[in-house]
Amino acid sequence: MHGSGGRIWWYVPAMTGDRSERDPYLNHWADHAADKTLRAHPDAKRIVVAAGITPSGVVHIGNFREVITVDLVARALADRGVDVRFIYSWDDFDVLRKVPKDAPEQEMLTESLGKSIADVPDPWGTHDSYAAHNIARFEDSIGPLGIEPEFIRQHAMYRAGKYADGIRAALQNAGKIRDLINAAREATGARTRIADDWLPLAGFCSTCGKDDLGFSYDGDWTVSVHCNACGHDEAVDLRKGGNLKLPWRVDWPMRWGYEQVAFEPGGKDHSSAGGSYDTAKGIVRDVYSWSAPQYVGYDFVSAKGQGGKLSSSKGGVVDVTTCLEVYEPEVLRWLFAGYRPNTEFAISFDLDVIKLYEDYDRAVRLAHEAEDGGKKDKKRQTARRVLELASVSPRKIVPGSTAPTLIAFRHLSTVLQTYDGDIRGTADYFVNSGELPEADRARFEARAQCVWNWVERYAPEDFRYRIRTEAVTREVPEAQRGPLQSLVEILEADPNATEASIGEKMKALSQSGVDMKAFFPVVYDLLLGRDRGPKMSTLLAIMTPARALPLLRPSL
RNA sequence: GGGCUAGUAGCUCAGCUGGCAGAGCAGCUGACUUUUAAUCAGCGGGUCGUAGGUUCGAACCCUACCUGGCUCACCA
């Protein structure tokens, strides 16, 4: 599912209402951002919110924060009865500055340094360009999350001449822009100033594709370009488009004006004084007659165990796809919705995954509880609002309605392993046992897949087990022979044993004086090759006596 | 050098634009028990980084400082 441009997605207002009314329930940070945006544009019929990322490397989970931040604010705006247009600008007219280490074709990439990433061939050979490869991977990955912006490719916009007016305005106001940037420099104590003959222009040679260019401007639509790399000279008519573009600091405010952007977040690298947002604010006002969008600065996301900022140029980057292998889409959204944008946090792949799922499940239950006018209502409301925003497709949660059945991650991991990862079989088990309504099966299977991925790829050794495929014969201590014999008899007598029936017999065994603490390790060893394991009755019922007996009998 | 941000319970974080410090996990106690860090009930736990200031009232606003993180200075 690639955004090929031209497709437009609208968020349909979920409810109508007076936008000036302040509903205390709408109290999430995305709600505050939405309110702020509406206050800045009180008469707008439609609000444009924007995200933008450079696909100069793997688009990772840190970049994702930009997108989810906009999506959540778009939802909040829609909840206020506003039409929202969510655009996503791929800054793929960027320069290839570094050779990505993890890519093949290192030689080709090295030769391509200085070219536009939209023109660098895809080293993996699966897409039209290096940029297109990164873009496709990301666009595909966010589909399951219910995020559907209108994707815009900067290189296509520039080449088609769409920004001709914007470029001309920048060139004609080059002095003003220089002054704005220089003023910001001085204010922050920077020593360097922009040269007096500097033009807000960048681009690529149309002969050799490199970005080492010199410009002169005729004051209207024509720019003369000289390539320092290959010596090529040409005159470019801005109206016809081509390979010229604005440098980042000017490109950003130009696009704000072009798209009438009212809200756009930024990473903290843009957020400081003298940084790009700061100067863009002045430029959009003085050159493009538009006001800077409402802004939320967001902090970085790391992956637990990797630490620090995620950089696309380093290896071991965690992307959305990787996260979705372990986190259900709604759980992932919920994580990002739960943290305020300006807090840094880590996506965990270790034991914390269990805790996060438990927290999420608890939040779901809390959100569905009926309100009772008590102190806890506020927590119920908060949980409800976060979950509404986190839901993959917009939905409202009615207090007092039945919560979906969610099987706890830990429990699921146990049963799933007993079933060797057979998700359908595990689902049948839960349905038959009455723990899972048939209606919640699809959701269950999605979670089960995540659990299994986690068990296989990330779970600590202690957590993993496999039922023996071949029996071993052990010298069973004298004291455990009797109990083992009894267990075998119990299983032989009841080939269709259930968890409950086995549980009852085990209880009887325990009451008859058997020391279960000493006995269980013997059984676990015979079945699993370890001295601890899932609850015995569950394990035996799921694996069935038919499978358990051959593993137990040889040691009698 | 400039800027931003964080510092709240052992840990991870809330604290809704000033109104009695809070959740989860961990810990402790008890109950129960068929043991992957089971379940249920209950309890304890914080000088809100430091020092001042504003206010009837400050975790929240102001000032200075300490510590950590990040970021900016013709790269997008």
Side-chain angles (χ1 to χ4, degrees), chain A residues 24-29 31-32 52-54 56 91 93-98 117 154 177-178 181-182 184-195 198-200 202 211 245-252 267-279 297 299-300 308-309 338-340 342-346 348 351-352 354-356 358-359 362-363 366 375-376 378-379 381-383 385 408 410-411 413-414 417 459-465 499-500 502-511 516-517 519-521 523-524 528 530-541:
Chain A
Y25 172 63
L26 303 178
N27 197 33
H28 188 263
W29 56 259
D31 289 314
H32 293 299
I53 288 170
T54 301
S56 56
D91 188 8
F93 214 24
D94 191 15
V95 187
L96 183 72
R97 252 177 238 96
K98 273 187 242 167
I117 53 173
Q154 290 308 318
I177 293 172
R178 275 199 301 268
I181 295 178
N182 281 330
R185 292 264 167 79
E186 269 165 41
T188 59
R191 305 197 170 172
T192 50
R193 298 185 92 243
I194 291 178
W198 176 84
L199 285 174
D211 70 335
K245 63 168 191 166
L246 294 172
W248 164 249
R249 272 175 194 272
V250 187
D251 169 77
W252 205 17
K268 54 199 293 185
D269 46 341
H270 299 308
S271 313
S272 45
S276 48
Y277 180 79
D278 198 30
T279 51
D299 209 323
F300 296 116
K309 174 183 171 180
Y339 286 102
R340 293 171 318 191
N342 64 356
T343 26
E344 189 176 351
F345 75 99
S348 301
L351 243 33
D352 279 359
I354 298 173
K355 176 183 157 4
L356 291 169
E358 280 170 1
D359 288 348
R362 193 178 305 111
L366 193 61
K375 212 175 159 188
K376 217 175 162 189
K378 212 163 89 181
K379 291 182 192 303
Q381 287 168 11
T382 303
R385 183 63 182 146
R410 189 189 300 267
H411 184 200
S413 81
T414 300
Q417 290 186 76
E461 250 341 281
D462 293 0
F463 229 90
R464 302 158 68 160
Y465 67 86
E499 195 173 337
I502 296 177
E504 233 169 275
K505 305 265 178 43
M506 301 296 281
K507 197 168 182 175
L509 210 57
S510 162
Q511 281 163 355
M516 303 306 251
K517 281 221 164 81
F519 176 51
F520 276 130
V523 184
Y524 283 120
L528 308 175
R530 43 190 300 161
D531 59 2
R532 312 185 72 185
K535 201 161 89 173
M536 188 60 79
S537 54
T538 312
L539 177 63
L540 289 170

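All chains are named by letter (A, B, ...) in the order of the sequence lines, taking the proteins before the strands, and each is independently numbered beginning at 1.
Side-chain proximity of A:Asp359 to B:U34, B:G15, B:G24: nearest is B:G24. Distance from the side chain of A:Tyr524 is smallest to B:U35 among B:U35, B:C70, B:G15. In this structure, the nucleotide among B:U17, B:U34, B:C70 sitting nearest to the side chain of A:Lys535 is B:U34. The side chain of A:Lys355 sits closest to B:G24 out of B:G69, B:G24, B:U17.
Using a 4.0 Å heavy-atom criterion, one finds that A:Tyr465 contacts the bases of the nucleic acid, with or without backbone contacts as well. In this structure, A:Thr538 reaches neither bases nor backbone, as no heavy-atom distance under 4.0 Å exists between it and the strands shown. Using a 4.0 Å heavy-atom distance criterion, A:Gln417 is classed as a base contact.
Here the side chain of A:Asn27 pairs no donor or acceptor atom with the backbone of A:Thr382 at under 3.5 angstrom. Remark: the backbone N or O of A:Arg178 is not paired with any side-chain donor or acceptor of A:Arg193 at under 3.5 angstrom. In terms of modelled atom types and a separation under 3.5 Å, the side chain of A:Gln154 and the main chain of A:Phe93 share no donor-acceptor contact. Formation of a donor-acceptor pair under 3.5 Å by the A:Asp31 side chain with backbone atoms of A:His28 is found in this model.
Distance noted for atom P between B:G3 and B:C65: 11 Å (whole Å). Between the P atoms of B:U8 and B:G68, the separation comes to 15 Å (whole Å). B:A58 and B:G52 have their P atoms separated by 14 Å, with the value rounded to a whole Å. Look at the P atom in both B:U63 and B:U54: the space between them is 15 Å, to the nearest Å. Using atom P as the reference point in both B:A41 and B:A59, the two lie 33 Å apart (nearest Å). Distance check on atom C1': B:U67 versus B:U50 gives 11 Å, rounded to whole Å. Nucleotides B:A76 and B:C62 place their C1' atoms 38 Å apart, quoted to the nearest Å. Using C1' as the reference atom, B:G45 and B:A9 are 6 Å apart when rounded to the nearest Å.
As a whole-Å value, the separation of A:Arg410 CZ from B:A38 P is 7 Å. At whole-Å resolution of the value, CG in A:Leu528 and C1' in B:U36 are 10 Å apart. Between the P atom of B:C4 and the CZ atom of A:Arg340 lies a distance of 17 Å, rounded to the nearest Å. Protein atom CD of A:Gln381 is 11 Å distant from nucleotide atom C1' of B:C16, rounded to whole Å. The distance from atom CD of A:Glu344 to atom P of B:A6 is 12 Å, rounded to the nearest whole Å.
The shortest distance between side-chain heavy atoms of A:Trp198 and A:Asn182 does not fall below 4.5 Å. Residues A:Ile117 and A:Leu96 meet the side-chain proximity criterion, which asks for heavy atoms closer than 4.5 Å. A:Phe519 is not listed as a side-chain neighbour of A:Ser510, based on a closest heavy-atom distance of 4.5 Å or more.
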Between the protein and nucleotides 39-43 of chain B, list every N/O to N/O distance that falls short of 3.5 Å.
none

Atom pairs, N/O to N/O, protein against nucleotides 73-76 of chain B, distance under 3.5 Å?
residue	atom	partner	partner atom	Å
B:A73	OP1	A:Arg249	NH2	2.8
B:A73	O2'	A:Thr192	OG1	3.0
B:C74	O4'	A:Arg185	NH2	2.8
B:C75	O2'	A:Arg97	NE	2.8
B:C75	O2'	A:Arg97	NH2	2.5
B:A76	O4'	A:Arg97	NH2	3.4
B:A76	O3'	A:Asp91	OD2	2.7
B:A76	O2'	A:Asp91	OD2	3.4
B:A76	O2'	A:Asp94	OD1	2.9
B:A76	O2'	A:Asp94	OD2	3.0

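We find that A:Asp352 and A:Lys355 are not joined by a salt bridge, their nearest charged nitrogen and carboxylate oxygen being 4.0 Å or further apart.
Taking the six-membered ring where the residue is Trp, A:Trp248 and A:Trp252 present parallel rings, their angle staying beneath 30° rather than reaching 60°.
Across all strands shown, B:G24 pairs with B:C11; the Watson-Crick or G-U wobble distances both stay below 3.5 Å. In this entry B:U47 has no Watson-Crick or G-U wobble partner, no candidate having both defining distances under 3.5 Å. The base-pairing partner of B:G68, taking Watson-Crick or G-U wobble contacts with both distances under 3.5 Å, is B:U5. For B:A38, there is no paired base (Watson-Crick or G-U wobble, both distances below 3.5 Å). The partner of B:C61 is B:G53, by the rule that a Watson-Crick or G-U pair needs both atom distances under 3.5 Å.
Mapping A:Ser413 and A:Arg362 onto RNA chain B by nearest heavy atom places A:Arg362 closer to the 5' end of the strand. Residues A:Tyr339 and A:Ser510 both approach RNA chain B. Their nearest nucleotides, taken by heavy-atom distance, put A:Tyr339 toward the 5′ side.
Applying the side chain to side chain donor-acceptor pair (under 3.5 Å) rule to A:Thr279 yields the partners A:Arg249; only residues at least two apart in sequence or on another chain are considered.
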